[in-house]
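First up is the structure itself, then whatever we jot down about it.
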Amino acid sequence: GELTTYDLTINTEEGLITLVDGKDNKVELNSDSDTLSVSTNMGVLITTTNITTTSATSTHVTGAYTLKSGICHINP
């Protein structure tokens, strides 16, 4: 049988695109608040060569945090 179900909702009136599986993992694009939200039961895995994070005001990390880098510049 199938592992889970998926619901894809596109709500143009509210500016929302939501993908939710039957295990309650969720990805939501909110055009009204200009946000992308990801909620999972276990984690988010990103594998790539480069990641650029740009924040005009602040970046918040909650929970345990590990940074492994050969070169790390903090407040250069």
Side-chain angles (χ1 to χ4, degrees):
E2 297 175 353
L3 176 65
T4 189
T5 58
Y6 298 93
D7 290 319
L8 176 63
T9 304
I10 300 173
N11 184 331
T12 56
E13 185 176 332
E14 294 183 18
L16 294 172
I17 297 176
T18 306
L19 175 63
V20 182
D21 70 9
K23 298 169 72 176
D24 206 32
N25 295 296
K26 180 178 176 180
V27 177
E28 180 178 85
L29 174 62
N30 186 323
S31 296
D32 185 43
S33 64
D34 296 326
T35 58
L36 174 67
S37 301
V38 177
S39 174
T40 69
N41 294 319
M42 291 298 293
V44 175
L45 173 64
I46 300 171
T47 303
T48 185
T49 303
N50 296 294
I51 295 177
T52 301
T53 302
T54 304
S55 176
T57 56
S58 63
T59 300
H60 300 274
V61 177
T62 303
Y65 184 75
T66 301
L67 175 63
K68 294 181 181 180
S69 174
I71 299 173
C72 182
H73 299 287
I74 298 176
N75 296 327

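For the single chain, residues carry numbers from 1 onward in sequence order. Just the heavy atoms: all of them, side chains too, but no hydrogens, waters or symmetry mates, feed the values below.
Counting only heavy atoms from C-beta outward, the side chains of L36 and V27 approach each other to under 4.5 Å.
Side chains of T62 and H60: no donor on one and acceptor on the other come within 3.5 Å.
Listed by first and then second residue, the side-chain hydrogen bond (donor to acceptor under 3.5 Å, both in side chains) pairs that reach into residues 11-23 are T18-E28, D21-N25, sequence neighbours excluded. Every pair tested for side-chain hydrogen bond (donor to acceptor under 3.5 Å, both in side chains) that includes a residue from residues 45-57 fails, sequence neighbours excluded, so the list is empty.
L3 and M42 are members of different hydrophobic clusters when ILVMFWY side chains are connected at heavy-atom separations under 4.5 Å. Hydrophobic cluster membership differs between I10 and L16, with clusters built from Ile, Leu, Val, Met, Phe, Trp and Tyr side chains linked at under 4.5 angstrom. With hydrophobic clusters built from ILVMFWY side chains whose heavy atoms lie under 4.5 angstrom apart, V44 shares a cluster with I51.
Taking S33 as the reference, N30, T35 meet the side chain to side chain donor-acceptor pair (under 3.5 Å) condition, with sequence neighbours excluded.
Here the CG atom belonging to L19 is positioned 12.0 Å from the CG atom belonging to L29, to the nearest 0.5 angstrom.
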